[in-house]
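Comments concern the structure below.
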Amino acid sequence: MDYKRVLVLHYTNGMSGREIAETTGDGKTTVNEFLKRFRECEELSYPLPEEVTNEFIAEKLYRKAGKPAAAELYRDFDPEEVCRTLTKKGETLKHLWKKYHASGIVNGKRPLSYRQYCRRYQNWLGSRNVTFHIQRYPGINLELDYAGKPLWLSDRNNPERRTKVTIFVAALSYSDYFYVEGMTCCDITNWLRVNNNALTYFGGVTQTITPDNCKVAVTENKDWIAPAINKDFQAWAEHNGTVVLPAKVRSPRWKPNVEGHVRIIGMHILVDMEKMTFYSLDEFNTVLWQKMEQENRENFQGLTYSRRDLFESEEREALLPLPETVYEYVERRKVKVGQDFSFVYDKVHYSMPRKYLRKTLKIRVGSEKIYVYNEHGDLVRTHDRSYTPKSWVVIPSDMPDEYRDYGYWNKPYFISKAESIGPNTKLLIQNVMEKFDYPVQSFRSCHGILTFAEKYGRDALEECCREAILYGKCSYTYISSTISMYSTPSPEPPIDRMKSSLRPVNEDTVVTGVYKDDDEKYSQE
């Protein structure tokens, strides 16, 4: 019945219930019952407000008083809890009903029969599976997933050994244009690599990305409202200027395009490739990409254009531009600077300044560089990455003054340093080195002798070395005990008759001597 028309005919035109029934075609008793209910209703009066509808009038005049009898008599249950429990292995709806029914009457309400229990659960499932169409627009969304059907690589040397190949699928939501690639390892490094390849294939980036809930993309997605994105995948999205919006867990309808392509790839591509033999991933992907291009160029069923045609004509220009550089995966670690002024990554030592000694730092490791950050997240150092185990990557300025040259200690180094001071210093250093079976045993003594030039001056060290050569006392002990005598001008010490007969020491003079104690006489040759 058109309630609003009946009210107009009755109150405005003054027609009776019988006359209204003849005009509208409704029953006379029905019209009179409606008018009676309207007059008795305290919430409604004529004229009616404009926003009042026939549905509102029917709800006010014909609603049933009180609650349904079933709600009063029977005890309800939680269908969501039943749905979660049924996912456990071996659990059945009959078993859950028995546990529910065993509680008996609670708060005066009886348990439902098994038939009623199943009916209510099925009605809840039906309301839960309602779907709707999402309007898609060019360049908005890209869906990511893995194909459910894996293939295998063979080993030429061992026919029984096989390597599993997982198929990565990326599909544009608007044009259905898709990209596929085989992967032998599904870690975060390869996940980011295939996603970079997909964006390169499409020639642009969509505004949003909808991945499946795999761990390399989403670490946690309990309520769909606030999912936890993998931090490396999130960094990849920020680098490319897009947003990651994962689908609901176990809800393929949130990414219908890529799910459809998974089915198409399995039926049209992988079913043929599983009969082929591949010995390398490159061979596998070459064939896979050929079949992908063929599928992308094939017309939609019943239409005169293909996925590629739709992509080229409408979606390519809507994509965001690719960044200038491809995103590079960086591994994040915490390292501690050791007592040797370095931290260790992948069995390689990297130097750090003294102020970071024994401090914990954060590093981000790329394929070419290692970026070092302090506890506040500030970049403090960049190292070139080394792939040689047990090697050292040292920046000389990082080392303390007393250790800075230690890594360069060798015979040419000390002879060069001594030569810059004077010929007698050079000759003394050479004599010190010759006393030992191995030159490395003399390096500390040479270092100690040369450091006296900084404390007492070059001239003082050169003069002291001249006297040491003259007396045949070429040692660190003699230099350290006598160098202070040459720091200020002093008269030449007396030389006895035997010593005065010796030739003056110059650059061409070679002095050798072997001694046991300070009182032993020396000879010159």
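All heavy atoms count here, side chains included; hydrogens, waters and symmetry mates do not. Nothing fancy with the numbering, it's 1 onward along the sequence.
- The two residues Ser342 and His349 make their nearest non-hydrogen contact at OG-ND1, 3.1 Å.
- One side chain, Trp236 or Asn196, offers a donor N or O that lies under 3.5 Å from an acceptor on the other.
- Of the candidates Leu270, Ile269, Ile265, Val194, Ile265 is the only one forming a side-chain contact (heavy atoms from CB on, under 4.5 Å) with Val180.
- Summarising the geometry, atom CD belonging to Glu33 is positioned 8.5 Å from atom OG1 belonging to Thr30; distances are rounded to the nearest 0.5 Å.
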Side chain to side chain contact (heavy atoms under 4.5 Å, CB included) between Trp97 and Phe77, worked out | CA-CA 10 Å; Trp97 172 79; Phe77 63 95; over 6 Å; no
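- At least one donor-acceptor pair closer than 3.5 Å links the side chain of Asn296 to the backbone N or O of Phe178.
- Contact of the Val82 side chain with the Tyr117 side chain is registered, since non-hydrogen atoms from C-beta on lie closer than 4.5 Å.
- Counting heavy atoms of neighbouring residues, nucleotides and ligands inside a 6.0 Å radius, atom CZ of Arg115 does not exceed 12 of them.
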Could you walk me through whether Ile370 and Val393 pass the side chain to side chain contact (heavy atoms under 4.5 Å, CB included) check?
-> CA-CA 11 Å; Ile370 293 183; Val393 179; over 6 Å; no
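- Considering only heavy atoms from C-beta on, Tyr327 stays 4.5 Å or farther from Leu199 through its side chain.
- Formation of a donor-acceptor pair under 3.5 Å by the Asn54 side chain with backbone atoms of Tyr3 is found in this model.
- With a 6.0 Å radius and a threshold of 12 heavy atoms from other residues, nucleotides or ligands, Arg37 has its CZ atom above the threshold.
- When every heavy atom of Leu361 is checked against every heavy atom of Tyr373, the shortest pair comes out as CB-O, 3.5 Å.
- Between the side chain of Asn285 and the backbone N or O of Gly182 there is at least one donor-acceptor pair closer than 3.5 Å.
- Across Arg75 and Gly104, no two heavy atoms sit closer than the pair NH2-O, 2.8 Å.
- Below 30°, between 30° and 60°, or above 60°: for Tyr177 and Phe311 the angle between ring planes is below 30°, a parallel geometry.
- For the 3.5 Å distance criterion, the side chains of Tyr174 and Glu314 qualify, holding a donor opposite an acceptor.
- Put simply, the side chain of Leu322 reaches to within 4.5 Å of the side chain of Val205, judged on heavy atoms.
- Counting only residues at least two apart or in different chains, side chain to side chain donor-acceptor pair (under 3.5 Å) contacts with residues 270-281 comprise Lys149-Glu274.
- Rounding to the nearest 0.5 Å places CD1 of Ile20 at 10.0 Å from CZ of Arg5.
- Note that CG of Asp26 and CG of Asn32 are 11.5 Å apart. Values are rounded to the nearest 0.5 Å.
- The distance from atom OG1 of Thr23 to atom CE of Met15, rounded to the nearest 0.5 Å, is 3.0 Å.
- Counting only heavy atoms from C-beta outward, the side chains of Val330 and Val365 never approach each other to under 4.5 Å.
- Tyr305 is linked by a ring pair (Phe, Tyr, Trp, His ring centres under 6.0 Å) to Phe300, counting only residues two or more places apart in sequence or in another chain.
- When side chains are defined from C-beta on, Phe168 does not count as touching Asn190, because their heavy atoms never get closer than 4.5 Å.
- Residues Gln207 and Thr242 approach most closely at O-OG1, 3.1 Å, considering heavy atoms.
- Here Glu181 pairs with Arg193 in a salt bridge; the nearest charged N to carboxylate O distance falls below 4.0 Å.
- Counting all heavy atoms, side chain and backbone alike, Pro79 lies closest to Tyr121 at O-CE1, 3.7 Å.
- Ser306 and Asp309 share a donor-acceptor pair across their side chains, judged by distance under 3.5 Å alone.
- The shortest side-chain heavy-atom distance between Leu44 and Phe56 falls under the 4.5 Å cut-off.
- A tilted orientation is assigned to the rings of Tyr179 and Tyr201, their planes being inclined by 30° to 60°.
- The pair Arg162-Asp155 does not meet the salt-bridge criterion, since no charged nitrogen lies less than 4.0 angstrom from a carboxylate oxygen.
- Heavy-atom minimum distance, Thr206 versus Ile209: OG1-CD1, 3.6 Å.
- Using bins of under 30°, 30° to 60° and over 60° for the plane-to-plane angle, the ring pair Phe343/His383 lands in the perpendicular bin.
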Arg18/Glu22 under salt bridge (Lys or Arg N to Asp or Glu O under 4.0 Å): CA gap, chis, key distance, verdict = CA-CA 6 Å; Arg18 179 181 59 79; Glu22 293 177 353; 3.2 Å; yes
Hey, mind stepping through Val165 and Thr163 against side chain to side chain contact (heavy atoms under 4.5 Å, CB included) and telling me if it holds?
-> CA-CA 7 Å; Val165 179; Thr163 303; 5.5 Å; no
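- Atoms SG and CG, from Cys83 and Leu93 in turn, are 10.5 Å apart once rounded to the nearest 0.5 Å.
- For Lys291 and Glu295, the salt-bridge test fails: no basic side-chain N is under 4.0 Å from an acidic carboxylate O.
- Ile140 CD1 to Thr210 OG1: the interatomic distance, rounded to the nearest 0.5 Å, is 11.0 Å.
- Between Phe284 and Met276 the shortest side-chain heavy-atom distance does not fall below 4.5 Å.
- Taking the side-chain hydrogen bond (donor to acceptor under 3.5 Å, both in side chains) definition, one finds that Lys36 meets it with nothing, sequence neighbours left out.
- The closest donor-acceptor contact from the side chain of Lys4 to the backbone of Val52 lies under 3.5 Å.
- At most 12 heavy atoms of other shown residues, nucleotides or ligands fall within 6.0 angstrom of atom CD in Glu160.
- A side-chain donor from one of Ser386 and Ser391 sits under 3.5 Å from a side-chain acceptor of the other.
- Using a 4.5 Å heavy-atom threshold, the side chains of Ile395 and Arg381 count as touching.
- Between Tyr345 and Tyr350, the ring center distance fails the sub-6.0 Å criterion.
- In this structure a side-chain-to-backbone donor-acceptor pair under 3.5 Å is missing from Glu315 to Pro138.
- In the displayed structure, Glu317 atom CD is contacted under 6.0 Å by at most 12 heavy atoms of other residues, nucleotides or ligands.
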Worked check of side chain to side chain contact (heavy atoms under 4.5 Å, CB included) between Tyr146 and Trp191 | CA-CA 11 Å; Tyr146 289 122; Trp191 171 259; 3.2 Å; yes
